Structure formats: C-alpha cells, structure tokens
Amino acid sequence: MDKASIIKNIKEHKNQPNLRFELKERTESFTNRLFYTLFDIDTPVDENLDLLEKEFDALVNLACWQVDKPCQRVWANFVVRLPQILEKLNLDAEAIVNCDPASLSIEEVYMAYPGFYAIAIYRLAHELYIDGFPLVPRLMTEYAHRQTGVDINPGARIGNSFFIDHATGVVIGETAIIKNNVKIYQGVTLGALYVAKKLQKTKRHPTIENNVTIYANATILGGDTVIGENSIIGGNAWITESVPANSTVYHSPIIKIKTLPHVS
Ligand SMILES: CC(=O)OC[C@H](N)C(=O)O
C-alpha cells in the first residue's frame, strides 16, 4: 500500500467525528487548576476562578455536541456549590488525620495522600455528573485514577468523612452508595455481581452504611448488598450478600507452613 492509500484508509476508519483528545488534555489542566484553587494558599482564588470559567467554556464547546443536552448553565450551578464541596473535602482531610496513626500533619494529608486526591477529584466531578454534564466528570476521575490507582466512578454517592488509606487498586462502581465515616483500605472493590449491558441504569453496586471499615483487598459485590452500620469487613473477604449492622466479617484462609530442618 502506498502512502496516499494508507492515509486514505486511516481517514476512512477514523470515524468518530467528536473524538477530540484536546477535551481530555483541557479537562486535566482544568482539574489541576481547580485543585490548586481550592487548596493551595499561593493560588489566588479570584483570578483563578475567572480562568477556570474560561477553561470550562472551552470544555463546554468540546463536550456538549448533543443538541438535546445544553450545557451553558453548568458552570454557574457548579461554582455556587464549590464552598460546600470544599467544606466536605476538609471533613475528609480531618477524618484522615484523625484516623491514621501514621499521619503527621494535615498538610501531609492534602499533599501526600492519594486517597484524599482521589476523593477530592471525585467530589468535584460528581457535582458535574449530577448536572448531566457529559464526559468531563469521567475524564476527571480517570485522571485521578491514572495518578492514584483509585477508580471512583463520578456517579457513586459518597457521604461525609470518607477515608481511603494507602489508596491504590480501589474500585468504587457507578451506583455504589457510601454513607458517613466509612474507611476503606487498598485493593477494595465495591463492584457489580455480574456485568451485562442490560443492567445499565439499575443499582449494581453495594451500599455501605455509616461507620463501616473495610480492610485491604475485600471485594463486596451486588446492588442489593448492604453492609450494615458499624461493621468491620476483614481483609480479602468476598461478600455477595448483606451483612447485618455491628458485624465483624473475617476471611479465614488455610495457611500451611512447612519448616524444613536447616541443612548446610
Ligand atoms: C465496578 C464494577 O463492577 O464495574 C463493572 C461494570 N463496569 C459496571 O458498572 O457494572
């Protein structure tokens, strides 16, 4: 195949007229500016809010290509909710500093905890998601996912003072509901019992009630699965049914250790 034919061929197969990676890049720089505007003391709020509004306009132009989904009011609705979101995020940061014996300062939480970063970007993206703003919330949480290994779908509903410790390899599905003061550790999955396209728009992921702790690598599946309040789910537990309030759930593997006599 000559060069002209290759170009023609590629052009024929490049058939998504709205697929512009500029949207992804602009969303990532908008997300960075937003995070710094909310938390970094040297990032002036007034001028950065103006810049954010301009950057958001560009996102609207790139993301709102469906005529039946007008997006013009989304920024106005979002910006008024920023103080409330910040209040919630400060509660998350406090929960981390109060719960984690390894944390040395609140500044460390904001700058060094991937769990805090992932929750921050999730909470900001969630507000855009509930306004029906297409694609950008997913690009925001995927950006956080890429940086932290924590995949929180912007559709999930998460209450106050949420803490993900050692955050990596965590998956929180689109229809998960997490109430207040929940702590989870690395490798936790809040997922669907099985995956089928026909389940779109149904509750597929679990509900976690207040004050639940879920230790590392536990997997909790199913839209009807409810983990009752004050429960503790041990590491590596595999749960596909509801757990009553105040329960402790252990996974008990059989570990065999065979020690041979030392032969030199
Ligand atoms: C987290 C999870 O179970 O994902 C499976 C699928 N994407 C769904 O949303 O059902």
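Computed from a predicted structure; not experimentally measured. For ligands, and for the atoms within them, numbers begin at 1 and follow the listed sequence.
Closest approach of Tyr215 to Gly235, counting heavy atoms only: CB-N, 3.6 Å.
When ring centroids are compared, Phe39 and Phe116 come within the 6.0 Å threshold. Taking the six-membered ring for Trp, Phe56 and Phe133 have ring centres closer than 6.0 Å.
Looking at Ile214, Ile227, Thr219 one by one, the single match for side-chain contact (heavy atoms from CB on, under 4.5 Å) with Ile239 turns out to be Ile227. The residue from Arg157, Lys203, Gln200, His205 that alone fulfils the side-chain hydrogen bond (donor to acceptor under 3.5 Å, both in side chains) condition with Thr175 is His205. Put simply, the residue from Asn211, Thr213, Asn210 that forms a side-chain hydrogen bond (donor to acceptor under 3.5 Å, both in side chains) with Asn181 is Asn211.
Near ligand 1, heavy-atom contacts under 4.0 Å come from Val171, Gly173, Gly191, Ala192, Val195, Arg204, His205.
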